[in-house]
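Notes follow once the structure below has been shown.
Here the structure is a predicted model, which is why all the values come from computation and not from measurement.
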Number of protein chains: 2
Amino acid sequence: MAGAPAAALYQQLKDFVVRKIQEGVWQPGDRLPSESELVTQFGMSRMTVNRALRELSEQGRIVRVAGVGSFVAEDKPQSTLLQIANLASEIRQRGHDYRCDVLVVERVSAALEVAAALDVRTGDSVFHTLCVHREDGVPVQLEDRYVNPAMVPQFGAQDFAQLQPSEYLVRNVPFDQIEHVVDAVMPTPEQAALLEMPVGEPCLLLTRRTWSRGAVITLVRCLHPATRYRLGSRFRADGHPLNG
Amino acid sequence: MAGAPAAALYQQLKDFVVRKIQEGVWQPGDRLPSESELVTQFGMSRMTVNRALRELSEQGRIVRVAGVGSFVAEDKPQSTLLQIANLASEIRQRGHDYRCDVLVVERVSAALEVAAALDVRTGDSVFHTLCVHREDGVPVQLEDRYVNPAMVPQFGAQDFAQLQPSEYLVRNVPFDQIEHVVDAVMPTPEQAALLEMPVGEPCLLLTRRTWSRGAVITLVRCLHPATRYRLGSRFRADGHPLNG
DNA sequence: AAGTGGTCTAGACCACCGC
DNA sequence: CGGTGGTCTAGACCACTTC
């Protein structure tokens, strides 16, 4: 607990503003002092004030409108964020062994649901892969993936023994939008067998779609035995990273 | 398609660096040119170069080490975010009726698990509430909540008919850290009865803890029938909001 | 000692908004 | 028109790492 070196000036100003908001002195919709007023009040340069307010704006605490002013954002963050980590790195970070068995790589004719999700016509040929991801040999995820060949034509020609499907996509087809849906489901007998789990136990089902420039790249359904996998995260509301 | 005004200089530099990384010209672990080198190459001021690299660092594309240099990050943004919305506003946004039945408000002696989660001693008296949240009359969430009385001493004296427990806490005890864990579980017979659902169907269990200044405010376990509730979100990867 | 990133200053020009 | 935020410059000092 040695005297911490004084925080950066822009951070001091950020803290000051956040405190005013949390204490209710500045209410949602209220106007903040302008940059030049803060320059005068705090004796900082405008660049420093601007950085503080810009970062608060990026964090959603305030709203800035050029030519008008800065305002306390409406309502507390009513929604919170859950971080979904990469399975392989998550497992390796725990110091465990990670392995991926690629069970199926094929082209199939898109059924109704898949066609709708990928935004292609029913019956169009799409790529399909099925993988089991293992932590220290135990299956933790059954990954059922469909890929839009219009977006990734060379997908079928990859050697997935070297680079698993999801890694290949992450590295080669950067996405700009992503959609997640989390469900609780009971596994089918086939799924339970592949996951080496009892049929009576529930699973977390994470369904994800990614887009690039408005077109769907891939639809993936990740099935996790609930006893072996939980989605979790811890966040600081102010945007600072949590170390430890 | 009117000629877009030239992007900001710092944005041009960000785009340049991202392109180099995506094209593989700069590989993970590679060292980027130093700020002063970029100043020379691009004819920008150091403040502008610094802003570009700082934002790339915040976005996880590069790693910066004072005194050493800037490096392409090892892993692409491997984790994505799932937004967890406020249940009541989510239901109302769908145009449905929202109702909350408060079944239990009591003080109980903290059992082992609850005491550990709230960071109090086993046997300490804590607040406990149990609520059923309904969408158009149908139960969608069973909320089992424990509150640390040291943090919210007046919690037990509230009129939860007017303001349900979670709303009261959101409005009166701002949190600065939050932890989420998502599980798939089977409901107990009692839980299934309160949720008016069959016992054989799985549930999503969202467990949340919130902190203020390092102390736990509340532990809440939200149990959702999987057939009536899914956790979902769509995000843009670049941090811009998705409108619509 | 030389190089790096982290921060800060005191100016500046611009587009935009509201009057 | 004056005020606002958005951006940019050309310097500067510092703590830190590497040699």
Side-chain angles (χ1 to χ4, degrees), chain A residues 2-17 20-21 26 29-74 238-241 243, chain B residues 2-18 20-21 26 29-74 238-241:
Chain A
L9 288 180
Y10 74 88
Q11 186 61 53
Q12 292 180 34
L13 179 52
K14 285 177 69 175
D15 292 343
F16 171 83
V17 172
K20 284 282 191 219
I21 295 175
W26 293 348
D30 281 3
R31 180 170 177 172
L32 272 67
S34 73
E35 292 193 354
S36 60
E37 286 170 330
L38 290 170
V39 164
T40 307
Q41 286 180 33
F42 287 86
M44 303 169 179
S45 78
R46 208 191 129 205
M47 279 296 284
T48 302
V49 171
N50 178 269
R51 175 167 177 186
L53 296 190
R54 173 163 28 90
E55 294 189 358
L56 287 171
S57 163
E58 285 163 2
Q59 292 169 16
R61 313 290 308 229
I62 69 175
V63 176
R64 316 193 74 198
V65 184
V68 181
S70 302
F71 306 86
V72 177
E74 290 300 331
D238 55 9
H240 291 303
N243 299 320
Chain B
L9 289 180
Y10 75 88
Q11 187 60 54
Q12 292 180 34
L13 179 53
K14 284 178 70 176
D15 292 343
F16 171 83
V17 172
V18 167
K20 285 282 190 217
I21 295 175
W26 293 348
D30 281 4
R31 180 171 176 170
L32 271 68
S34 72
E35 292 193 354
S36 59
E37 285 170 330
L38 290 170
V39 164
T40 307
Q41 287 180 32
F42 287 85
M44 302 170 179
S45 78
R46 209 192 127 206
M47 277 298 283
T48 302
V49 170
N50 178 270
R51 176 167 175 186
L53 297 189
R54 172 162 31 88
E55 293 189 359
L56 287 170
S57 163
E58 284 164 2
Q59 291 169 16
R61 312 291 308 230
I62 68 175
V63 176
R64 316 193 74 199
V65 185
V68 181
S70 301
F71 305 86
V72 178
E74 282 305 330
D238 55 10
H240 292 301

Can you check whether A:Glu55's main-chain N or O pairs, donor with acceptor, with A:Arg61's side chain at less than 3.5 Å? no
Nearest heavy-atom pair of B:Ser70 and B:Leu53: which atoms, and what distance? OG-CD1, 4.2 Å
From C:dT4, D:dC8, D:dG6, pick the nucleotide closest to the side chain of B:Leu9? D:dC8
Hey, does the side chain of A:Ser70 come within less than 4.0 Å of D:dT4's phosphate (OP1/OP2), counting only N and O? no
Could you check whether the side chain of A:Arg46 and the base of D:dG6 have a donor-acceptor pair of N or O atoms closer than 3.5 Å, going by distance alone? yes
Can you identify which nucleotide, out of D:dA10, C:dT7, C:dG6, has its nearest atom closest to the A:Tyr10 side chain? C:dT7
Closer to the 5' end of DNA chain C via nearest nucleotide, is it B:Pro33 or A:Val65? B:Pro33
Go through it in stages, so that I can follow the logic: the residues are A:Phe16 and A:Lys20, the test is side chain to side chain contact (heavy atoms under 4.5 Å, CB included), and I'd like the CA-CA distance, side-chain angles, deciding distance and then a yes or no. CA-CA 6 Å; A:Phe16 171 83; A:Lys20 284 282 191 219; 3.4 Å; yes
Short side-chain N/O contact to D:dT7 OP1/OP2 from B:Arg51, under 4.0 Å: yes
Given atom CD of B:Gln12 and atom C1' of D:dT7, what is their separation to the nearest angstrom? 12 Å
Quick one: which of D:dT4, C:dT9, C:dT7 gets closest to the side chain of A:Thr48? C:dT9
side-chain contact (heavy atoms from CB on, under 4.5 Å) partner of B:Leu56, chosen from B:Leu32, B:Val72, B:Val17, B:Leu13: B:Val17
Of all the nucleotides listed (D:dT7, C:dT9, D:dA10), which has the minimum atom distance to the side chain of B:Ser45? D:dA10
Under 4.0 angstrom between A:Ser36 side-chain N/O and D:dT4 OP1 or OP2: yes
Looking at every heavy atom in both A:Ala73 and A:Gly60, which two are closest together, and how far apart are they? CB-O, 3.2 Å
Is there a side-chain contact between A:Arg64 and the phosphate of D:dG6, meaning an N or O under 4.0 Å from OP1 or OP2? yes
Hey, is the main chain of A:Ala8 close enough, under 3.5 Å, to the side chain of A:Gln11 for a donor-acceptor pair? no
Given atom CD of B:Glu37 and atom P of C:dG5, what is their separation to the nearest angstrom? 8 Å
Atom CE of A:Met47 and atom P of D:dT9 are separated, to the nearest Å, by 10 Å
Before giving the answer on side chain to side chain contact (heavy atoms under 4.5 Å, CB included), spell out for A:Arg64 and A:Glu35 the whole-Å C-alpha distance, their side-chain angles and the decisive distance to 0.1 Å. CA-CA 11 Å; A:Arg64 316 193 74 198; A:Glu35 292 193 354; 2.5 Å; yes
Rounded to whole Å, how long is the line connecting atom CZ of A:Arg31 with atom P of C:dG18? 11 Å
Minimal heavy-atom distance between A:Lys14 and A:Ala52, with the atoms involved, is CG-O, 3.7 Å
Measure from the side-chain heavy atoms of B:Ser34 and tell me the nearest of C:dT4, D:dA10, D:dT7. C:dT4
Can you check the A:Glu35 CD to C:dC14 P distance for me, whole Å? 18 Å
Which angle, rounded to 10°, do you find between the first-five-pair axis and the last-five-pair axis of the helix from C:dA1-D:dT18 to C:dG18-D:dC1? 0°
Separation of atom CD in A:Glu58 from atom P in D:dG6, rounded to whole Å: 10 Å
Whole-Å gap separating C1' (C:dT7) and CD (A:Glu55): 12 Å
Measure CZ/A:Phe71 against P/C:dG18 and give the value in whole Å, please. 10 Å
